[in-house]
Amino acid sequence: MKLKYTFILLLVFLMLSSCSKEDKKLALVTSSNSESVFNQAIRNHYFKTLDSAAFYIQKVDTLKLLGENKTNFLMSRKWYKRAEPMLMAYDYENYLSMNAPNLLKVEIDDYQDIKVLKPKSYQVLEELLYAEAGFENKEVHRVAEYLKVRIPYIRKNHILIRQRDRHHLKMIRDAIVNIATKGITGFDSPMLSNSLQEAIYNYETIREIVSIYEPAFASKALYLSWLQEIEATKGNLKDEDFDSFDRYSFIKNHTNKQLDLIHKTAEDWRIKLNTSRPLNPTATNLFDKDFFNMRLFSAPRSPEITDERIELGRMLFNDESLSSTGNISCASCHHKDKAFTDGLKKAQGINKVELQRNTPTLTYSVYQKAMFYDGRATGLEDQIVNVVNDKNEFHLDLNTMEQRIKANPLYTKHFDSLYAGTVSNGNARHAIATYIRSLAPFDSKFDRNMQGYEDSLNEEEILGFNLFMGKAACATCHFPPAFNGSVPPKYMETEFENLGVPKNASFEHPVLDDDPGQYEPYEVEEKRNFFKTSTVRNAELTAPYMHNGVYKTLDEVITFYNVGGGQGMGLDVPYQTLPSDSLNLSTRESKALIAFMKSLTDEEFTLREEDTALLADSDR
């Protein structure tokens, strides 16, 4: 009997131990009955980084010598940067505030509840401690004391309880995107330009998380590829000079490779990243046409984007009968040959009435969360409502527009098949918006090179991109890949800036433009002269520039930024967000920036050499 019992136990043991190694790993990854061992290890690392950041920030004291405070600040920020990938993923609001730019934040809930908040962040402390003109101890104390309290608060109120493996993989992906689009640009270290070293701290945490997940990898080769790639990336960043760092090669050879590793890891772990986020979970290149999840930049519950709906939208976009006078359409101000601008200093409405501002390009406008220069519309469909109702534009109402569409048999035929027979102003606006959403092909010369289809960028264009992303600080407002004000890595917020734009093009005798911008309708002085950051894609075709069309050439635009905007020219711009000191760009560097921006012209707007030859032959 005892022998039989022993035999049974041995049989059970052999059956259990015969489980494949892959099944064991899969069990570790997919278990939902208890907290993942990986999640617990990541949480412990999160605590370690936050505790270390808190330890050093506690040592910052205005009674101590400046050098000692700088050392403790740098040590605290070093550990903060190691915590950042996890903080960004699981406590985004605190992430936004902990290292926020040294700019006033205005929160507007309604006309009665307007708050103007002074930031208390690592960036502010950096600018105080390293300011050439000195600082007030009271301000250092204010910011340091906030951080001393906030970091332990973040640790105590963490949500790292039962995150799944897909959440942690998305965390790694977002950290990679954030490094490429903000981290290496100087966005959050404007004073010290310590961005490259801080990117290494980010990658140290990425490596830690990948190492924690070693048992989950069915492919040992894939795991080793991660380790090799991270070490190669850190080596590329180490001891590099901020101004001369080759960001073009970094993104092409490291960022894009890591996005591909994310995709392969998801397959290896048998998981799917969430599709209800602004980034396409399967994108393997920062400049892929499908890098963004288009559905998340459309109105909720919108019909599917199809070629047929795009074509219907194009027809409506060009239809002059949808205006009160019957002689203007969307295309009247947005000409295709000018990248959907009009070439005028300020747009013209019905009866040639000059409108308030310059016509912005519609290309890539889908990838932003606010429309118009003052952000008064929250989506493309909402923008169309404003245009239809405006007395100086279409000067119509939505019901009348709907009736005119219903009276057109061709339109009703299309709506029958594409919108279940429902002709409504809502569906009409969706069709027009769908057409506008299609105007983001990511097929410029620059894109094709980043995607690996061409190797045609010249040295000047690559230098221009590296300047754009580094020394010239363009990318701290015009974020890749859309190069507009949509903020990475979540791309759910659109930035507005006060540049101190003048109303005249003179750099010797400028006069500040009097357009109030976001000051209206709430009459918040801290938002005066704030305007949306537009895309620089297709900028070669969209002159004149700025919200008021003040500059005719890209050379003038670069000069404006190079001298430090309005403040740099001596204008009184109290809330300017653009640094007022000169960028010290040489003539060669300014030309390189323009060459890069011209490489962002989409293929459909670019005449190829063979096309030019064909045109020449046809003229003979």
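Residue numbers count from 1 along this sequence.
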Under 3.5 Å: donor-acceptor pair, side chain of [X], backbone of [Y]:
{"X": "Asn285", "Y": "Phe291", "answer": "no"}
{"X": "Glu126", "Y": "Tyr122", "answer": "no"}
{"X": "Asp243", "Y": "Gly470", "answer": "no"}
{"X": "Gln576", "Y": "Gly564", "answer": "yes"}
{"X": "Gln451", "Y": "Tyr453", "answer": "no"}
{"X": "Arg528", "Y": "Asp514", "answer": "no"}
{"X": "Asp174", "Y": "Pro85", "answer": "no"}
{"X": "Asp288", "Y": "Ala283", "answer": "no"}
{"X": "Asn449", "Y": "Leu457", "answer": "yes"}
{"X": "Lys182", "Y": "Pro488", "answer": "yes"}

Less than 3.5 Å apart, any donor N or O on the side chain of [X] or [Y] sitting next to an acceptor on the other?
{"X": "Glu127", "Y": "Asn102", "answer": "yes"}
{"X": "Thr535", "Y": "Tyr367", "answer": "no"}
{"X": "Asn529", "Y": "Asp513", "answer": "no"}
{"X": "Thr282", "Y": "Asn280", "answer": "yes"}
{"X": "Asn562", "Y": "Thr559", "answer": "no"}
{"X": "Ser276", "Y": "Asn274", "answer": "yes"}
{"X": "Thr601", "Y": "Asn538", "answer": "no"}
{"X": "Glu84", "Y": "Thr49", "answer": "no"}
{"X": "Asn99", "Y": "Asp188", "answer": "yes"}
{"X": "Thr284", "Y": "Asn256", "answer": "no"}

Practice problem: Quick one: pull up CD in Glu497 and CG in Leu103 and give me the separation to the nearest 0.5 Å. | Solution: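 Reported to 0.5 Å precision, the distance equals 7.0 Å.
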
Quiz item: How far does CG of Asn236 sit from OH of Tyr203, to the nearest 0.5 angstrom?
Solution: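 Reported to 0.5 Å precision, the distance equals 9.5 Å.
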
Exercise. Quick one: which residue pairs count as a ring-ring contact (aromatic ring centres under 6.0 Å, His included) with a foot in residues 573-602, not counting sequence neighbours?
Key: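 For residues 573-602, and leaving out neighbouring residues, the ring-ring contact (aromatic ring centres under 6.0 Å, His included) pairs sorted by first residue read Phe446-Phe596, Phe465-Phe596, Phe468-Phe596, Phe483-Phe596.
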
Hey, is [X] close enough to [Y] for a salt bridge, meaning N to O under 4.0 Å?
{"X": "Glu204", "Y": "Arg207", "result": "no"}
{"X": "Asp443", "Y": "Arg448", "result": "no"}
{"X": "Glu493", "Y": "Lys369", "result": "no"}
{"X": "Lys471", "Y": "Asp241", "result": "no"}
{"X": "Lys598", "Y": "Glu461", "result": "no"}
{"X": "Arg357", "Y": "Asp515", "result": "yes"}
{"X": "Lys338", "Y": "Asp342", "result": "no"}
{"X": "Arg77", "Y": "Glu198", "result": "yes"}
{"X": "Glu240", "Y": "Lys238", "result": "no"}

With a 4.5 Å cut-off on side-chain heavy atoms, are [Y] and [X] touching?
{"X": "Phe507", "Y": "Phe560", "result": "yes"}
{"X": "Asp382", "Y": "Phe372", "result": "no"}
{"X": "Leu259", "Y": "Arg173", "result": "yes"}
{"X": "Val177", "Y": "Tyr491", "result": "yes"}
{"X": "Val550", "Y": "Pro544", "result": "no"}

Practice problem: Just do the salt bridge (Lys or Arg N to Asp or Glu O under 4.0 Å) check on Glu495 and Lys532 with the steps written out, would you? | Solution: CA-CA 6 Å; Glu495 276 200 346; Lys532 184 182 68 176; over 6 Å; no

Would you name the heavy atoms of [X] and [Y] that are closest together and state the gap between them?
{"X": "Met469", "Y": "Ala475", "result": "SD-CB, 3.4 Å"}
{"X": "Ser444", "Y": "Asp602", "result": "N-OD1, 3.8 Å"}
{"X": "Ile251", "Y": "Ala180", "result": "CD1-O, 4.0 Å"}
{"X": "Cys477", "Y": "Thr533", "result": "O-CG2, 3.4 Å"}
{"X": "Ser580", "Y": "Gln567", "result": "CB-OE1, 3.4 Å"}
{"X": "Leu593", "Y": "Cys474", "result": "CD2-SG, 4.2 Å"}

Check whether the ring centres of [X] and [Y] lie less than 6.0 Å apart, and answer yes or no.
{"X": "Tyr551", "Y": "Tyr545", "value": "no"}
{"X": "Phe496", "Y": "Phe531", "value": "no"}
{"X": "Phe479", "Y": "Phe187", "value": "yes"}
{"X": "Phe442", "Y": "Tyr364", "value": "yes"}

[X] [atom1]: over 12 foreign heavy atoms closer than 6.0 Å:
{"X": "Lys70", "atom1": "NZ", "result": "yes"}
{"X": "Lys591", "atom1": "NZ", "result": "no"}
{"X": "Glu107", "atom1": "CD", "result": "yes"}

Quiz item: Has Lys527 got its NZ or CZ under 6.0 Å from the middle of the six-membered ring of Phe530, at an angle within 45 degrees of the ring axis?
Solution: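 Judged by the rule, Lys527 and Phe530 form a cation-pi pair.
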
